[in-house]
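Before any comments, here is the structure.
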Amino acid sequence: MSNGETPGAPLPLADPPGTGGSAPAAAGRGPQAAAGGPATNGTVGERGRGLVAGNSPRRPAAARSWLRLLASELGLIFRRWRNLALLAVLAILPIVLGIALRVTAPQGGGGPESSFLDQLAGNGVFLAFIALTIMLTLVLPLAVAVVSGDSIAGEAGSGTLRYLLTVPAGRTRLLSVKYTALVIWSLTASLVVSVVSLITGVVLFPVGPVTLLSGTTVSLAQGLLRLLFVTLFIAAAMSALAAIGLALSTFTEHPIGAIAAVLVLAVASEVADNVPQFAPIQPYLPTHWWLSFDALLRSPVATGDLARSFVSFGVYALIFLSIAWARLTTADVTS
Amino acid sequence: MSTAGEATAAATSDGATSDGADPDRDGRHQDAGDDLAVATRDLTKRFPGGQVAVDGVGLLVPRGAVYGFLGPNGSGKTTTIRMLLGLIHPTRGEVSLLGMAMPRESAGVLARVGSLVEGPAFHPQLSGRANLGRLDAADRTADPATARTRIDAALDQVGLLGAARKRYRAYSLGMKQRLAIAASLLQPRDLIVLDEPTNGLDPQGTREVRALIRGIADDGVTVLVSSHLLAEVEQICSHVGVMRTGSLVFQGTIGRLRARGAARVRVRTSAVPQAQTVLASLGVCDLEAGPQEVSGQLGEREPEHICRELVLAGVPVAGLEMVRPSLEDLFVELTGEGFDVER
């Protein structure tokens with residue numbers, strides 16, 4: 001180890017100042033270079049640096065190829081017309097909602113939406129919270145269900161799965177890339193709703209300091225930061241749903257079946273969440289904590305609810321990713 | 001010293017592979033098992049329904065061979081190929097590809113294996129080039145810097161470079177098939193597995209695919225090509241394996257398959273009874289007389305000798321030929337006539 005580094009050390013010093021950055025890089029790659037061939041590295045001092053650079057360490061190479069597959073996966077998702085149409089719906093609905101609320105006077109009612117609605121006339125930022133709440137009941141889950149249900153089942157149905165596996169993409173590696181892409185898709189979908197509705201709200205309504213649900217008023221910047229956190233919260237909720245979709249997607253060659261199953265599951269859970277008789281099991285329903293993002297709109301933030309929400313999302317994601325992994329790594333691919 | 005040792009090892013293993021393959025072509029000799037590109041032992045697949053699709057198959061594909069994997073539809077060829085590639089888990093038995101155990105070492109070995117399994121399958125909305133890019137991106141051993149060059153070279157090899165930007169959905173069946181072959185050529189391979197590459201192609205397309213396979217094999221790559229039509233592959237194969245209802249009923253060189261058919265001698269003559277007498281005296285059995293013609297089992301006899309004896313006996317010989325059953329006849333004999341569903 002020390003032998004390997006000694007001849008390498010003076011080299012970066014001899015470099016022109018512009019390339020001084022290679023010193024930490026070379027030091028960082030030390031262990032791998034030593035593993036690759038310490039003898040060569042130690043004796044051929046002059047070419048030591050070249051060896052370190054050319055001796056592409058296994059780990060970064062694996063990470064690079066993983067990212068390349070992720071980029072390809074994202075390209076498939078984001079270049080598909082059906083998915084772009086879904087994003088368009090996610091963008092258009094908040095605009096329609098904003099216009100509708102602008103031309104009709106906000107009406108009172110029950111639930112968190114009404115408290116948002118009461119505030120909307122005075123502050124356009126609240127259009128984002130209203131839009132997220134409304135889209136969370138069906139449209140956002142639909143967007144996540146379509147892409148996650150299609151994730152494996154679509155490849156199996158078209159036969160491309162067998163070619164990915166014989167490349168070999170690696171079943172676990174493929175699953176990790178697929179799920180990461182779904183998380184990015186969930187985040188994108190949530191961001192589209194919140195950004196478009198925020199812009200619409202700002203255009204159609206006055207903007208100013210934000211009065212939280214607990215009655216405290218915070219600055220606009222603080223309000224926007226909270227909107228960002230709410231968006232991330234919803235992205236996490238949708239990512240948990242995407243794990244369910246990914247798992248169901250490994251059981252069929254028919255993407256429509258998996259998509260429908262995710263939606264039925266989400267809607268059934270939402271219905272059960274609103275029937276008092278189901279009260280004992282409600283905290284364990286996958287959709288129960290979705291609307292708890294209002295915890296972020298209190299001062300101080302309701303950390304208890306927030307923690308419970310993330311535990312719920314995390315446990316659902318973990319269980320269903322395990323199911324997806326167990327299924328995909330053992331299944332016979334006959335499609 | 002070490003050179004001599006290697007030479008000895010090479011000579012020994014050359015002796016071991018008797019069946020016409022040229023194991024020296026790729027110059028690799030790690031151990032004796034390495035001379036086989038594909039080796040399976042007692043490979044068996046019972047599907048959850050209880051149906052045994054593949055039963056105790058022991059494939060032996062020598063390196064450098066073009067192995068025709070034959071059998072009627074439903075005889076278990078595709079299931080076997082899927083097990084070779086780790087897509088289906090065998091119920092029993094072992095698979096070794098290029099000397100490495102499947103599916104345990106699939107990450108290391110599959111990158112050296114190109115494959116086309118049960119027809120082409122690509123994303124219809126992407127172009128041919130983008131589809132190959134997708135597969136290349138999935139390959140952790142592929143260098144992204146050379147991706148474009150390698151993809152275009154593969155497209156060029158199958159004659160699709162001109163249609164590289166066309167969407168896959170607009171491809172003809174032959175183009176789709178060729179794109180799948182191109183996908184198997186993205187990296188330098190040691191083994192290429194092509195499952196029914198000529199399925200659904202017109203005679204022209206079949207010829208093109210055959211020429212492609214011949215070109216691949218000429219580069220020293222072992223090719224395993226399955227087909228339900230012997231005629232499609234017999235011209236390019238050095239070895240054949242024949243499947244029937246999940247079992248391997250024949251395996252060996254194409255010469256050995258041919259030799260299974262007993263040769264007959266057929267004499268065209270105006271003096272049929274006289275010819276019959278002479279042939280009988282020479283020990284030719286199973287004589288059949290027709291109008292102006294006599295035929296019988298040739299056995300070990302030389303046709304030239306028979307001809308001379310006939311002429312010396314004063315039989316007017318208008319023609320003499322050796323007749324072997326065609327490969328097609330042998331193939332049908334092995335696999336059974338069509339139309340009877342055996343399972």
Side-chain angles (χ1 to χ4, degrees), chain A residues 54 56 58-85 150-151 154-178 181 253 255 326-335, chain B residues 45 47-48 53 78-79 81-91 97 102-103 105-126 130-145 147 168-169 176 179-180 183-184 186-187 193 195:
Chain A
S56 88
R58 194 163 287 171
R59 273 181 139 215
R64 254 203 313 278
S65 85
W66 188 87
L67 285 173
R68 186 172 173 223
L69 182 53
L70 178 64
S72 157
E73 187 66 30
L74 291 174
L76 273 185
I77 292 177
F78 284 96
R79 285 201 198 113
R80 196 153 170 188
W81 281 110
R82 184 194 66 193
N83 297 348
L84 293 178
D150 187 56
S151 194
E155 303 257 18
S158 71
T160 45
L161 181 61
R162 64 173 182 265
Y163 284 106
L164 282 178
L165 294 182
T166 53
V167 158
R171 297 189 185 208
T172 307
R173 181 167 166 265
L174 183 65
L175 201 66
S176 69
V177 164
K178 288 269 181 194
E253 295 164 22
R327 167 74 188 168
L328 188 66
T329 50
T330 56
D332 282 342
V333 178
T334 52
S335 60
Chain B
K45 180 63 187 184
F47 279 114
T78 296
T79 304
I81 286 177
R82 281 176 183 269
M83 284 193 281
L84 294 184
L85 298 170
L87 290 172
I88 290 182
H89 304 277
T91 311
L97 286 190
M102 282 292 295
E105 296 176 282
S106 64
V109 73
L110 281 184
R112 294 157 61 200
V113 180
S115 57
L116 186 162
V117 190
E118 220 176 355
F122 293 96
H123 295 282
Q125 76 275 18
L126 298 183
N131 266 303
L132 293 190
R134 161 80 172 160
L135 289 176
D136 196 63
D139 187 350
R140 68 190 104 188
T141 65
D143 179 5
Y168 176 72
R169 72 166 102 246
K176 290 177 176 178
L179 186 66
S184 73
L186 281 175
Q187 295 265 44
V193 178
D195 183 20

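What you are looking at is a predicted structure, and each value in this text was computed from that prediction instead of being measured. Side chains are part of it too, since the values below use all heavy atoms of this structure and drop only hydrogens, waters and symmetry mates.
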Which distance, rounded to the nearest 0.5 Å, do you find between the OG1 of A:Thr166 and the CG of B:Leu116?
9.5 Å

At a heavy-atom separation under 4.5 Å, does [X] approach chain A through its side chain, its backbone, both, or neither?
X	answer
B:Pro120	backbone
B:Ala130	neither
B:Leu186	neither
B:Ala111	both
B:Ser115	both

Who wins among B:Gly133, B:Gly119, B:Ser106, B:Ala183 for the most heavy-atom pairs under 4.5 Å with chain A?
B:Gly119

Is it the backbone or the side chain of A:Ala71 that comes under 4.5 Å from a heavy atom of chain B, or both, or neither?
neither

Contact part of A:Arg173 toward chain B, heavy-atom cut-off under 4.5 Å: side chain, backbone, both or neither?
side chain

Quick one: does [X]'s side chain have a donor or acceptor within less than 3.5 Å of a partner on [Y]'s backbone?
X	Y	answer
B:Arg140	A:Trp66	no
B:His89	A:Thr330	yes
A:Arg162	B:Leu87	no
A:Tyr163	B:Val117	yes

Non-neighbouring partners of A:Arg82 that pass side chain to side chain contact (heavy atoms under 4.5 Å, CB included), sequence neighbours left out:
A:Arg80, A:Val146, A:Asp150

Nearest heavy-atom neighbours spanning [X] and [Y]:
X	Y	result
A:Leu164	B:Ala138	CD2-CB, 3.7 Å
A:Thr334	B:Phe47	CG2-CE2, 4.1 Å
B:Ala121	A:Thr160	O-CG2, 3.5 Å
A:Leu76	B:Leu126	CD2-CD1, 3.6 Å

Ionic contact status for A:Arg68 with B:Asp136, cut-off 4.0 Å
yes

Give a yes or no on whether a salt bridge exists between A:Glu73 and B:Arg134, defined as a side-chain N under 4.0 angstrom from a carboxylate O.
yes

Heavy-atom check, side chain of A:Arg79 versus side chain of B:Gln125, under 4.5 Å
no

